[in-house]
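Keep in mind that the numbers below use all heavy atoms, side chains included, and drop hydrogens, waters and symmetry copies.
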Amino acid sequence: MQNDTDFLLIGSGIGGLTFALQVADHGTVAVVTKKSDHESSTNYAQGGIAAVMSDKDSFRSHLEDTLQAGAGLCKRRVVEEVVRRGPECIQQLMEWGARFSLAEDGATLALGREGGHSHNRIVHAADLTGAEIERTLLGRINDHPNVRVFPNHQAVDLIMDEAGRCRGAYILDAESGRVDVFSAPVTLLATGGCGNVYQHTTNPAIATGDGLAMAYRAGAVVANLEFMQFHPTTLYTPEARSFLISEAVRGFGGILRTVAGERFMTKYHPCKELAPRDVVARAIDRELKLSGQPYVLLDLTHINPDRVKSRFPYIYRRCLEYRLDITREPIPVVPAAHYMCGGVRTGLDGRTSLPGLYATGEVACTGLHGANRLASNSLLEALVISHRAAAAAAAELRSAPAPKTELPPWDKGGSHDSEEWVLISHDRSEIQRLMWDYVGIMRSNKRLERARRRLNLIVNDIEDFYRHTPVTEGLIELRNLAQVAQAIIRCAQSRRESRGLHYTTDYPERDDRRGRRDTVLRRLRQG
Ligand code: FAD
Ligand code: SIN
């Protein structure tokens with residue numbers, strides 16, 4: 001079956017939905033999304049959105065903080081534009097119905113503080129900012145007659161024509177098991193990140209790098225995948241998937257201590273707990289190795305309990321489920337994979353290197369984050385770039401609407417071999433362990449090489465199985481995770497220095513003479 005639409009959007013987080021609302025007045029929009037409509041990293045964002053919303057703050061200061069975190073690799077023009085357009089995008093979200101936390105005067109926005117920011121500039125809805133954004137955007141989308149959302153529809157691969165133009169995507173309907181053609185002159189990747197490449201991640205299960213892998217297979221330029229951000233503080237408990245303890249907790253006065261009670265960030269950075277994330281994550285990693293303990297502590301017990309409960313109602317409630325009262329006991333925390341700073345290379349208008357294909361949000365690499373993302377700059381980036389990309393895509397559609405033609409149907413593949421699938425499905429946890437142990441916070445030539453060799457074998461096995469088997473959700477994700485892991489290792493091996501989030505014991509220093517460049521990968525398309 002072929003579905004024709006003007007705009008095909010893959011993903012229903014902040015990136016996809018913001019774009020959808022902007023293009024919906026210019027044509028028909030199909031939003032395909034892997035699980036339910038709100039299931040996305042966006043939905044779990046806690047801290048908030050960074051933007052200059054107070055007279056005491058300035059664009060220059062937000063720009064400088066972003067450049068400082070990015071360790072010499074941010075694109076200045078992109079940072080300037082994203083920072084400058086932040087306030088109007090927040091205003092637009094509020095006009096669409098988003099309710100953010102207010103200061104005590106009940107009129108101005110309450111602005112939180114996070115690591116690396118020299119001013120309070122984090123707009124938030126208590127510690128449920130992302131859920132508020134999803135609620136707002138989905139509410140508007142569901143009212144729009146031009147937009148149709150397809151939950152439980154997973155993109156398998158992009159459809160490229162002979163001229164190298166993206167013409168849509170093959171989409172698996174999870175209920176029927178059928179793969180349909182979705183054809184569109186404009187396709188947007190808004191598929192989020194790839195945290196599930198690692199054993200421990202803050203990301204929800206949907207974050208398997210699908211968009212990145214699809215774009216790479218189609219021949220798009222991808223960049224800077226070695227810069228994977230590890231969030232310093234996730235709840236340490238065997239019972240929960242790495243539950244995030246927001247950086248805003250440290251911004252609110254939370255203190256990091258060893259299990260023995262010693263405050264340790266004073267040894268590592270003048271900003272102590274509010275140092276940039278890479279510094280805090282590495283400091284925790286080092287303290288864990290020094291002490292042999294499995295976690296460090298994040299202490300809020302010196303702060304008035306009522307203030308803690310009212311600022312962090314979600315974190316307070318979730319920790320109580322694990323029998324931990326954060327107003328009385330310090331929180332055991334460990335780092336976990338959190339955010340992909342690299343991705344599909346785009347310009348400020350979300351255009352990728354492939355005609356007809358746009359990307360926005362975490363899947364994209366615009367140059368805003370450089371070698372390390374400043375906290376709460378990702379929701380901001382997704383908002384600003386989606387607005388700009390929507391304007392560019394609508395203009396492209398007006399100037400050259402693509403002819404509607406039949407595209408080749410999906411080739412079903414061979415028959416399913418369930419015994420082999422049992423063998424192959426173990427590869428997922430092997431990849432995740434391998435990436436955690438060898439391509440994590442601290443890297444070395446030896447570890448990366450070991451990971452590369454093992455991954456090559458796994459990728460070949462999966463590819464062979466994939467070619468002879470009808471696709472399923474699990475198989476699509478496994479193939480993508482393996483290819484993304486392989487691409488991360490390639491990028492990491494080619495950076496022979498330590499910069500931002502990439503730290504290797506073989507080259508512990510930053511090398512500005514050779515390292516001040518993006519790491520770029522591009523696979524040549526076959527056929
Ligand atoms: P997502 O919101 O992840 O949405 C991706 C969408 O694509 C989902 O709908 C998914 O189902 C869909 N999808 C994926 N693959 C496919 C496929 N093959 N086919 C169809 N659909 C697919 N950033 C901040 O700036 N501030 C914060 O406070 C903050 N807190 C965070 C807290 C947590 C726990 C996490 C995990 C991240 C946080 N981040 C934060 C990062 C930020 O939330 C994400 O970078 C951002 O939400 C990404 O938005 P997105 O639209 O690109 O992707
Ligand atoms: C957090 O709340 O700590 C997450 C903020 C972010 O990832 O930007």
Side-chain angles (χ1 to χ4, degrees), residues 13-14 40-54 57 62 65-66 69 82-83 86 89-90 93 98-103 109-134 192-193 195 201-204 207 229-235 242-254 256 271 273-281 298 300 303 307-308 310-319 326 331 333 335-341 361-362 368-369 372-383:
I14 188 171
S40 57
S41 288
T42 303
N43 198 47
Y44 299 97
Q46 293 181 0
I49 315 177
V52 177
M53 305 297 288
S54 140
D57 197 358
H62 192 179
D65 291 346
T66 303
V82 171
V83 163
C89 288
I90 301 274
L93 262 183
R99 293 190 295 262
F100 294 120
S101 299
L102 297 178
L109 287 170
L111 299 173
R113 186 74 167 259
E114 288 179 359
H117 288 277
S118 48
H119 285 87
N120 283 27
R121 61 168 74 100
I122 314 297
V123 178
H124 56 274
D127 54 356
L128 287 158
T129 309
E132 177 61 12
I133 294 171
E134 279 289 310
T201 178
T202 62
N203 291 188
Q229 185 168 70
F230 291 82
H231 198 291
T233 56
T234 66
L235 179 65
S242 310
F243 173 65
L244 182 74
I245 307 294
S246 175
E247 188 148 329
V249 168
R250 277 174 281 130
F252 202 65
L256 282 165
C271 298
E273 280 78 8
L274 287 179
R277 249 177 223 183
D278 57 321
V279 176
V280 183
L298 180 55
L300 280 171
I303 303 177
R307 287 186 62 224
V308 172
S310 107
R311 175 64 181 86
F312 303 109
Y314 178 56
I315 295 175
Y316 176 71
R317 212 174 50 239
R318 283 296 304 273
C319 287
I326 63 170
I331 313 168
V333 290
H338 183 60
Y339 185 85
M340 171 174 87
C341 288
E362 192 166 339
L368 176 73
H369 309 307
N372 185 15
R373 174 179 67 103
L374 186 65
S376 288
N377 261 359
S378 47
L379 293 174
L380 174 71
E381 178 192 43
L383 274 178

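In this structure the side chain of I303 reaches within 4.5 angstrom of the side chain of F252, judged on heavy atoms. Contact check for R373 versus S378: side-chain heavy atoms found under the 4.5 Å cut-off. A 4.5 Å side-chain heavy-atom check between I133 and L383 finds every atom pair outside the cut-off. Here the side chains of I315 and V249 are in contact, with some heavy-atom distance below 4.5 Å. For the pair V333 and L256, the minimum side-chain heavy-atom distance is below 4.5 Å.
Put simply, CD on E114 and CG on L274 are 9.0 Å apart, with the number rounded to the nearest 0.5 Å. E134 contributes atom CD, which lies 3.5 Å from atom OG of S40 (distance to the nearest 0.5 angstrom). One distance of note links CG of L93 with CZ of F100; it measures 5.0 Å at 0.5 Å rounding. In this structure, NE2 on H231 lies 6.0 Å from OG on S246, to the nearest 0.5 angstrom. Residue C319 holds its SG atom at 4.0 Å from CD1 of I245, rounded to the nearest 0.5 Å. To the nearest 0.5 Å, atom CD1 of residue I331 and atom OG1 of residue T234 are 11.0 Å apart.
Considering every non-hydrogen atom in both G47 and S376, the closest pair reads C-OG, 4.2 Å. In plain terms, the two heavy atoms of N372 and D278 that are nearest each other are ND2-OD1, 2.8 Å. Heavy atoms only, all atoms of each residue included: L111 and S54 are closest at CD1-CB, 3.7 Å. G86 and A51 get closest at one heavy-atom pair: C-CB, 4.3 Å. A pairwise comparison of heavy atoms in G361 and A382 identifies CA-CB, 3.9 Å as the closest pair. Across all non-hydrogen atoms, the minimal contact from T129 to Q46 is OG1-O, 2.8 Å.
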Could you please spell out the steps behind the ring pair (Phe, Tyr, Trp, His ring centres under 6.0 Å) verdict for Y314 and F243? CA-CA 11 Å; Y314 178 56; F243 173 65; 5.6 Å; yes

Test side-chain contact (heavy atoms from CB on, under 4.5 Å) on N377 and H62 and set out the steps. CA-CA 10 Å; N377 261 359; H62 192 179; 3.0 Å; yes

Take T202 and H338 through the side-chain hydrogen bond (donor to acceptor under 3.5 Å, both in side chains) test and state the conclusion after the steps. CA-CA 5 Å; T202 62; H338 183 60; 2.7 Å; yes

Apply side-chain contact (heavy atoms from CB on, under 4.5 Å) to the pair H117 and L374, showing each step before the final yes or no. CA-CA 8 Å; H117 288 277; L374 186 65; 3.3 Å; yes

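In this structure, T201 contributes its side chain and A337 its backbone to a donor-acceptor pair below 3.5 Å. At distances below 3.5 Å, not a single donor-acceptor pair connects side-chain atoms of R307 with backbone N or O atoms of R311. Within the 3.5 Å criterion, the main-chain N or O of A126 finds no donor-acceptor partner in the side chain of H124. Of the possible donor and acceptor atoms, none in the side chain of E132 sits under 3.5 Å from a partner among the backbone N and O of A125. Here the side chain of E381 pairs no donor or acceptor atom with the backbone of V82 at under 3.5 angstrom. Between the Q229 side chain and the C341 main chain, no donor and acceptor come within less than 3.5 Å of each other.
The salt bridge (charged side-chain N to carboxylate O under 4.0 Å, His left out) search around R121 returns D57, D65, not counting sequence neighbours. Residues satisfying the side-chain hydrogen bond (donor to acceptor under 3.5 Å, both in side chains) criterion with D127, sequence neighbours excluded, are absent altogether.
The salt bridge (Lys or Arg N to Asp or Glu O under 4.0 Å) contacts involving residues 244-254 comprise E247-R250, E247-R277, where partners must be two or more places apart or lie in separate chains.
Y339 and H369 have perpendicular rings, their planes meeting at more than 60° on a 0 to 90° scale where under 30° would count as parallel.
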